[in-house]
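These notes are about the structure you will find just below.
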Amino acid sequence: MQHGKYRFIVGFLAAPLGLYALFVVWPFIQSIYYSFTDWTGLSPEFKMVGFDNYKRMFHDDIFWKSLQHSLLFALVLPLVTLSLALFFAFMINVGGRRRRGGPVVSGVRGSSFYKIVYFFPQVLSIAIVSLLFAFAYNPDSGAINSLLRGIGLDNVQPLWLGDPSLALWCVMAVLVWSTVGFFVVLFSAGMASIPAELYEAALLDGASRSTTFFRITLPLLWDTVQSGWVYMGILALGAESFAVVQIMTTGPGGPDYSTTVMVLYVYQKAFRDGQAAYATTIGVALLVVTLAFAAIVMRLGRRERLEY
Amino acid sequence: MKTTETPAPLPAESGATVSKIDVAPPKPPARKKEGGVLNVFSHGMLILWAIMVVMPLLWAVMTSFKDDSSIFGSPWSLPDKLHFDNWSRAWTQANMGDYFLNTILVVGGSLIGTLVLGSMAAYVLARFDFPGNRFIYYLFVGGMSFPIMLALVPLFYVVNNMGLLNTIHGLILVYIAYSLPFTVFFLTAFFRTLPTSVAEAAFVDGASHTRTFFQIMLPMAKPGLISVGIFNFLGQWNQYMLPTVLNTDPDKRVLTQGLVQLAVSQGYKGDWSGLFAGLVMAMLPVLAAYIVFQRQVVAGLTAGALK
């Protein structure tokens, strides 16, 4: 196997590694370097300014606002999404009525139908989903307010995305809507691999359904839930929140910066305001937040691994 | 849910066994009752969410057949007649046809490139021992957790300096690069599961490493390639952030970008019905593909997260 081995390895790795280094790794390294300069992005000239950008960042109110919103995204979104998904997945897989002569645990009727339908939003582009909901949220002629009018709630006509105290929650709701289905399917796959004998024993002992959920399903599914939390948090800090906030909310990150998030702020500073160096500084902060988030979740969620 | 718990006998240490025998006959009805209340509740929740998922989509389809005045006047009413002209207007005047073509070109090119380059790298990393193997593997895999936005600013200038800004092939190369982390991660695990004996036999018979890979290993890896291919197809088809930054030429826009631009400029043009038709046009192919390839899509999307 030795003959020509290294030539082969180099030949096969050169193109993928080269492309990856050029377009992913190199820009990452550069951006950390740029955060110590006063580069505008408009001209090739710049000089080193040390920690000036970082000092400026600590006194930037909008940065703190965006950090706060991003953290809210990383904590609330996974909590709501994963809880809903766990509930639905449990009902779909274990929550069925016990039929005489049937298996001990079974899903509700039509469980495969639910799994297919819930997954719909996951295959749609987040950009398209955002556009759709921007229309639905329209205060005058949108679907939601007109539905409220239709059921007699004429005086409940929120401004939704136009209301600074509501806008952020409206945006989050869209992300919940679009991601729950993925986790329902993911958790369903996990629940399917839990042996039925465990449920059987619990049912013989007279355990109720909520007891079986908290004592059997959740502990055995814990690893999946935890990696789901990290995965969702990274998405919520990064790409997904960029699309929803940029497309759905008006002006610079919603009324009075009420929906601005870190990714959006990076984008605006770099490509709208011509402050590339400062943008990369916020980007570095985002990287630190993301890594810290993943580390904390992994650490807090560490449990003894259960074998079954 | 608290109240429904109480009728179920609590697993009290001593009394449990006694009561189980004594109260054996009335127990099934008790559980049935609990099940009944819970089932109404859980079915209700499941149906409610199904409606919440489907309704916005149906609403979009319905709206795409209405004229502008009824879109704003009565958002929930059925269309007075099916305005197919919305769809033809969106396809030609709103350039949806062009955006579709651009998207197909970009995604087609990047998908093939991602699968070829990704499987080459993954094969080498999974099957060969050489110094730096682990380092390169973690370099690739680490890319999955980094915020793309951080790299985006310098990336813009890298792409610009190479003269690849606003070109289809430039976008393809960048898409491939950003798809590699997950693809390499997934396929490395997959190639490890394939038996070594077949490849070794081929090599002993005189086939070169390259030939062994393309004629033996790649066909064997087909299920893995399909899964990761679907994952990348959806991701690349739905990509929004990369084209927004790297592709500002109006003629080269991809679907998501074109639609968002259209919505922004609608404030001046006011062709909302055409925009809705475009929106539905962009949604339907992926929804149809999902319904047809439902199993593979789910397998492809969940496989990575479960590992």
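Throughout, protein chains are lettered first and strands after them, A, B, ... in sequence-line order, and every chain is numbered starting at 1. From a predicted model like this one, the values you see are computed outputs, not experimental measurements.
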Given that the side chain runs from C-beta out, which part of A:Phe271 has a heavy atom under 4.5 Å from chain B: side chain, backbone, both or neither? side chain
Using heavy-atom distances under 4.5 Å, tell me whether A:Ile247 contacts chain B through its side chain, its backbone, both, or neither. side chain
Using non-hydrogen atoms and a 4.5 Å limit, figure out which bit of A:Phe133 sits close to chain B: side chain, backbone, both or neither. side chain
One should read off an interatomic distance between A:Ser125 OG and B:Leu279 CG, to the nearest 0.5 angstrom, of 9.5 Å
Check each atom of A:Lys115 against the heavy atoms of chain B and say whether the ones under 4.5 Å are side chain, backbone, both or neither. backbone
List the steps and the verdict of side-chain contact (heavy atoms from CB on, under 4.5 Å) for B:Leu275 and A:Phe135. CA-CA 11 Å; B:Leu275 181 63; A:Phe135 284 117; 3.4 Å; yes
Counting heavy-atom pairs closer than 4.5 Å to chain A, which one of B:Leu57, B:Val184, B:Leu152 comes out on top? B:Leu57
Counting only non-hydrogen atoms closer than 4.5 Å, does A:Phe88 touch chain B with its backbone (N, CA, C, O), its side chain (CB onward), both, or neither? both
When rounded to the nearest 0.5 angstrom, what is the spacing between CD1 in A:Ile9 and CG in A:Leu13? 7.5 Å
Heavy-atom count check: over 12 atoms from other residues, nucleotides or ligands less than 6.0 Å from A:Phe8 CZ? yes
Determine the interplanar angle of the B:Trp59 and B:Phe276 rings, folded into 0 to 90°, and report it as parallel if under 30°, tilted if 30 to 60°, perpendicular if over 60°. perpendicular
Contact winner vs chain A - B:Thr256, B:Val153, B:Leu255, heavy-atom pairs under 4.5 Å: B:Val153
Heavy-atom pairs under 4.5 Å with chain B - which of A:Val117, A:Ile282, A:Val24 has more of them than the others? A:Val24
Tell me, out of A:Leu237, A:Val266, A:Leu131, who's got the most heavy-atom pairs with chain B below 4.5 Å. A:Leu131
For A:Tyr34 and A:Ala276, indicate whether the former's side chain and the latter's backbone hold a donor-acceptor pair under 3.5 Å. no
Which of the residues A:Gly238, A:Ser35, A:Ala127 is involved in the greatest number of heavy-atom pairs with chain B at under 4.5 angstrom? A:Ala127
Below 4.5 Å from any heavy atom of chain A, which atoms of B:Val260 appear? Answer side chain, backbone, both or neither. both
Using a cut-off of under 4.5 Å for heavy-atom pairs, which of A:Leu147, A:Thr280, A:Val25 has the most such pairs with chain B? A:Leu147
Between B:Tyr123, B:Phe213, B:Trp237, who has the most heavy-atom pairs with chain A when the cutoff is under 4.5 Å? B:Phe213
Donor-acceptor contact below 3.5 Å, side chain B:Gln257 vs main chain B:Val254: yes
Okay, A:Leu84 and chain B: the region with an atom under 4.5 Å from a heavy atom over there is side chain
What part of B:Leu180 lies closer than 4.5 angstrom to a heavy atom of chain A: side chain, backbone, both or neither? side chain
Of the backbone (N, CA, C, O) and the side chain (C-beta and beyond), which part of B:Tyr290 lies under 4.5 Å from a heavy atom of chain A, both, or neither? side chain
Turns out that what part of A:Thr290 lies under 4.5 Å from chain B's heavy atoms comes down to side chain
Restricting to non-hydrogen atoms, name the atom on A:Pro121 and the atom on A:Ser178 that form the minimum distance, rounded to 0.1 Å. CB-CA, 3.6 Å
Check each atom of A:Phe28 against the heavy atoms of chain B and say whether the ones under 4.5 Å are side chain, backbone, both or neither. both
When only pairs under 4.5 Å are counted, which of B:Val297, B:Val245, B:Leu125 shares the most heavy-atom pairs with chain A? B:Val245
Is the distance between the ring centroids of A:Phe12 and B:His209 less than 6.0 Å? no
Give, as side chain, backbone, both or neither, the part of A:Val284 having an atom under 4.5 angstrom from any heavy atom of chain B. both
Which value, rounded to the nearest 0.5 Å, describes the distance between A:Gln246 atom CD and A:Ser241 atom OG? 11.0 Å
Aromatic ring proximity A:Phe182/A:Tyr231, centre distance under 6.0 Å: yes
Need one label for B:Val53: side chain, backbone, both or neither, based on atoms under 4.5 Å from any heavy atom in chain A. both
Between B:Tyr157 and A:Trp39, does the ring centroid distance fall short of 6.0 Å? yes
By a 4.5 Å heavy-atom criterion (distance strictly below it), what part of A:Ile234 contacts chain B: side chain, backbone, both, or neither? side chain
Determine whether the aromatic ring centres of A:Tyr6 and B:Phe130 lie less than 6.0 Å apart. no
Determine the option with the most heavy-atom pairs under 4.5 angstrom with chain A, choosing from B:Ile291, B:Thr114, B:Leu155. B:Leu155
Scored by heavy-atom pairs under 4.5 Å with chain B, the best of A:Ala143, A:Gly283, A:Ala270 is A:Ala143
Check whether the ring centres of A:Tyr114 and B:Trp49 lie less than 6.0 Å apart, and answer yes or no. no
Bottom line for A:Leu22: the part with an atom under 4.5 Å from chain B's heavy atoms is both
For the residue pair A:Tyr265 and A:Tyr278, categorise the inter-ring angle as parallel (less than 30°), tilted (30 to 60°) or perpendicular (more than 60°). perpendicular
Show the nearest heavy-atom pair for residues B:Val286 and B:Ala282, with the distance to one decimal. CG2-O, 3.8 Å
With a 4.5 angstrom heavy-atom cut-off, is it the side chain or the backbone of B:Leu234 that approaches chain A, or both, or neither? side chain
Looking at A:Gly41, A:Gly18, A:Ala136, which has the largest count of heavy-atom pairs under 4.5 Å with chain B? A:Gly41
Test of ring centre spacing under 6.0 Å for A:Phe242 and A:Tyr267: yes
Look at B:Leu259, B:Thr244, B:Ile148, B:Leu173 and state which one has the largest set of heavy-atom pairs under 4.5 Å with chain A. B:Leu173
Under a 4.5 Å heavy-atom cut-off, does chain A meet the side chain of B:Leu246, its backbone, both or neither? neither
Heavy-atom distance under 4.5 Å to chain A: side chain of B:Ile47, backbone, both or neither? both
